[in-house]
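First up is the structure itself, then whatever we jot down about it.
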Amino acid sequence: MTALVFHSDFDDADAWEAALKAQLPELDFRRGGDPTGVVAALVWKPPAGFFAPYRDLKLVINLGAGVDSLVRREDLPALPLSRLNDTGMVQLMASYVTHAVTHYARDFHLMERNRLKRGWEYIHPRALSSHRVSVMGLGELGGAAAAALAGMGYDVTGWARSAKNIPGVRCLWGADGFAQALRDADTMVLMLPLTPDTTGVIDAAALSSMKPGANLINVGRSGLVVAEALIAALRDGRIAEATLDVFDEEPLPASHPFWGMENVRITPHIASITVPEGAAPDVAESIRRVLRGEAPLHQVDPARGY
Ligand code: GLV
């Protein structure tokens, strides 16, 4: 019998068990207990030392898209590591990003503030094609979000470390491309993986190279941005508005300055989550492959970090 261990403080273990058993009826789905015979670990931020008792492990699957919290652990076993990637997750992310961009491009943030003071102010809508969006990071989630924005009519630039081709999206790469994507954006969307190369890339210099009054949306990782620099830029209006879904400390402490800033929208890390029914077929297939001695689906290179 194939055994899997599950650990997450956020995901629904019952839903995962049902979804995985529909794919692998013989699966022994464990939430801890006897480590013997456990060949796969399906985990989101397991506690330190979690992996040590699992001597039969052949595969670690990150219960999410970003593997940064796993790859920087000292106790990560040297085994194939994969991440989740499913249509449900891609759609949730695209819905969040298109909503957040549209909030600013259609001036809903201004109308929300007017609403609070019973103010009726006609704000003439502008063509979406006049709003320039830069999507930083064109992986599975970023690429789909950029395509969705382009499909809605926004003027979309995408940046990735290497050249990409996404219909309707001006794809840039490399250091020059990064600078141009920053410079051009009315709204910038951060969808990069957090790696040593991307940590703190959005610092004071990067923010001041953006158009005065640009907006920033961060659905990647908080470590991409130097928080003090963002707070300063939001206070002096160089960055007009921010929508943030990811934070250094989650839950975001009640004393954090972001809570008190009218121009910051905060969501509790919900931009995208994995829908078990959608992801289970790939998880099951990865387990089958690893048991046959093959590579799993959606394998991550721990050294590269994505
Ligand atoms: C969530 O942040 C994820 O990486 O899936």
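Counting starts at 1 for both ligands and their atoms, in listed order. These figures come from a predicted structure and were not determined experimentally.
- Of the protein's non-hydrogen atoms, the one nearest atom 5 (O) of ligand 1 is A65 N, 2.6 Å.
- Considering both main-chain and side-chain atoms, G66 comes within under 3.5 Å of ligand 1 through a nitrogen or oxygen pair.
- The closest approach between R83 and ligand 1 stays at or above 4.0 Å for every heavy atom of the residue.
- The one candidate from L42, V38, D34 that meets the side chain to side chain contact (heavy atoms under 4.5 Å, CB included) condition with V5 is V38.
- Looking from atom 1 (C) of ligand 1 to the surrounding protein, the closest heavy atom is H269 NE2, 3.4 Å.
- Side-chain polar atoms of Y154 and T187 form no donor-acceptor pair below 3.5 angstrom.
- Comment: E285 engages R288 in a salt bridge, judged by a side-chain N to carboxylate O separation of less than 4.0 angstrom.
- In this pair, H103 and F108 present their aromatic rings tilted. The plane angle is within the 30 to 60° band.
- Polar contact with ligand 1: absent for G64 (N/O pair, distance under 3.5 Å).
- Ring pair W159/F178 is perpendicular by interplanar angle, where above 60° counts as perpendicular and below 30° as parallel.
- Ligand 1 has no nitrogen or oxygen under 3.5 angstrom from a nitrogen or oxygen of S272.
- Each of the following atoms of ligand 1 lies closer than 4.0 Å to a heavy atom of R221: 1 (C), 2 (O), 3 (C), 4 (O).
- When non-hydrogen atoms are compared, ligand 1 lies under 4.0 Å from the side chain of W44 (C-beta onward) but not from its backbone.
- For the pair D197 and R161, the salt-bridge criterion is met [side-chain N within less than 4.0 Å of a carboxylate O].
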